[in-house]
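Have a look at the structure below before the remarks.
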Protein chains: 2
Amino acid sequence: MSVKHALLALLEKPRYGYELRAEFEQRTGASWPLNVGQVYTTLSRLERDGLVEAGGTDAEGRSLYQLTEAGQAEVKGWFDTPVERTQPQRDELAIKLAVAVAVPSVDVGKVVQQQRNATMQALQGYRRQARSGAGDDLPGGLVLDRLVFAAEAEIRWLDHCESRLRRAAASSTAPEPVQPEGESR
Amino acid sequence: MSVKHALLALLEKPRYGYELRAEFEQRTGASWPLNVGQVYTTLSRLERDGLVEAGGTDAEGRSLYQLTEAGQAEVKGWFDTPVERTQPQRDELAIKLAVAVAVPSVDVGKVVQQQRNATMQALQGYRRQARSGAGDDLPGGLVLDRLVFAAEAEIRWLDHCESRLRRAAASSTAPEPVQPEGESR
DNA sequence: GAGTATGTATATACCGAGTATGTACACCCT
DNA sequence: AGGGTGTACATACTCGGTATATACATACTC
């Protein structure tokens, strides 16, 4: 749903398909390359749903699209309504670990360590980009910061998983599998 | 790709479709409800690709699926290879803010505040779940922790966005838009 | 100047993820 | 006997995303 709304928002003034992709990638700092084909399929769906309409061609013969009234309302609604986090995105890594701890043949500790290496590498890549000046323009910089914050959280979570796994392993050998410290309820 | 591999991993022993969904949801602590239909479509694709095969029916007449050799190798490969974070998931919230800062008619500060409220509420929901004992079993607990860590990072990022937006607004009125502190390079 | 790489611009085919819906059967309850 | 609920499987459909094809202009080069 994100691409759909992003394109709508970029259509504050009439634009053509190829331009929309360029605008999208410029703003997101090329962190998420957007396939051109998706722009056109999305535009035709938006046209079908009455949110955009073809607005003739420009001087170079490129076919322009513009928002309808319904489209303007949709954009406003998108910005006025927060992104739903009560039913969060499926996360492959969390699923992987959740499944792994229940499959006896898997060395979960190793999975965690390898993932930390991979995420750490991605994080260093983001920081390098930020230092090289890619984070200086505002929109792209915010996206880059987002990736940094998310990667740091992922690494913290992986550390947390390791310690929790160690505790679980210890308590499974001990007779009483009770929480060590006094967590009230 | 996450569901596909998760189902493969759960097929360490022969299971039937409905059972796979139940196992998946139990392990992920019902954080990500899985549509049964997707289990069957995924299974038929996996069968087409030679990763699973129909393994007769059990005593109650339910049709079982089991891993082929290629399927076992696929599972092993999944656990041995970290989740790719160099080309990260598209994130609707980041896209929204990146687009919003470039659209003059949008009050970005308000968007940030509303989102913080929404994320904060989600976070409190996760903590309530954790306190109520949903986080006590290991796999579901790890998933819940993951959601908590991610929500906290999101809130920190939103705070960071606010201060960065304030700085940008200040420097756009001031003549010299230079970084305040000495960032080497 | 013919040939060929490169960039711009649009369009379509295809696949996988995910949702909604339909059907059948067993069980329980009143 | 009828109605609700849970189990089990299957299929239709939409959407997100990738790959590919086509057309045209520019630029480079042998």
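Everything numeric here is computed off the predicted structure, so don't read it as measured data. Each chain gets a letter, A, B and so on, in the order its sequence line appears, and its residues count up from 1.
Residues B/E19 and B/Q38 both approach DNA chain D. Their nearest nucleotides, taken by heavy-atom distance, put B/E19 toward the 5′ side. Annotation: of the two residues near DNA chain D, A/R48 and B/E60, the 5′-most nearest-nucleotide partner is B/E60.
For B/Y16, counting side-chain heavy atoms from C-beta on, the closest listed nucleotide (C/dA20, D/dC9, C/dT10) is D/dC9. Among C/dG18, C/dA17, C/dT10, the nucleotide with an atom closest to any side-chain atom of A/Y18 is C/dT10. Closest to the side chain of A/Y40, out of D/dC9, D/dT18, C/dT12, is C/dT12.
Between the C1' atom of C/dA17 and the CG atom of A/D91 lies a distance of 16 Å, rounded to the nearest Å. Spacing between atom CZ of B/R21 and atom P of C/dA20 amounts to 13 Å, rounded to whole angstrom units. In this structure, the CD1 atom of A/I95 is 13 Å from the C1' atom of C/dG18, given to the nearest Å. For the pair A/L46 CG and D/dC15 P, the computed distance is 10 Å after rounding to whole Å. If you measure from atom CD of A/Q89 to atom C1' of C/dA17, you get 12 Å, rounded to the nearest angstrom. Taking atom CG of residue A/D49 and atom P of nucleotide D/dG16, one finds them 10 Å apart after rounding to whole Å. For the pair A/L20 CG and C/dA11 P, the computed distance is 13 Å after rounding to whole Å. Atom pair B/L43:CG and D/dC9:C1' shows a separation of 11 Å (rounding to whole Å applied).
Contacts of B/G17 with the nucleic acid, taken as non-hydrogen atoms under 4.0 Å apart, involve only primed sugar atoms and P, OP1 or OP2. When heavy atoms are screened at a 4.0 angstrom cut-off, B/T42 is found touching no nucleic acid atom at all. Residue A/V39 is classed as having no contact, given no heavy-atom separation below 4.0 Å to the nucleic acid.
Residue B/R90 places at least one side-chain N or O closer than 4.0 Å to OP1 or OP2 of D/dG17. At the phosphate of C/dT10, OP1 or OP2 sits under 4.0 Å from a side-chain N or O atom of A/S63. The shortest distance between the side-chain N/O atoms of B/R45 and the OP1/OP2 oxygens of C/dA17 is below 4.0 Å.
Summarising the base pairing, D/dC30 is matched to C/dG1 through a Watson-Crick or G-U wobble pair whose two defining distances lie under 3.5 Å.
Geometric assessment of A/R21 against the ring of A/Y18 yields a positive cation-pi assignment under the 6.0 Å and 45° thresholds.
In terms of heavy atoms, B/A102 sits closest to A/E12 at O-OE2, 4.3 Å.
Using a 4.5 Å cut-off on side-chain heavy atoms (C-beta onward), A/E25 and A/P33 make contact.
The existence of a salt bridge linking B/R85 and A/D91 is confirmed by a sub-4.0 Å separation between a basic side-chain nitrogen and an acidic carboxylate oxygen.
In the hydrophobic clustering of ILVMFWY residues, with side-chain heavy atoms under 4.5 Å counting as a link, A/V106 and A/L165 come out together.
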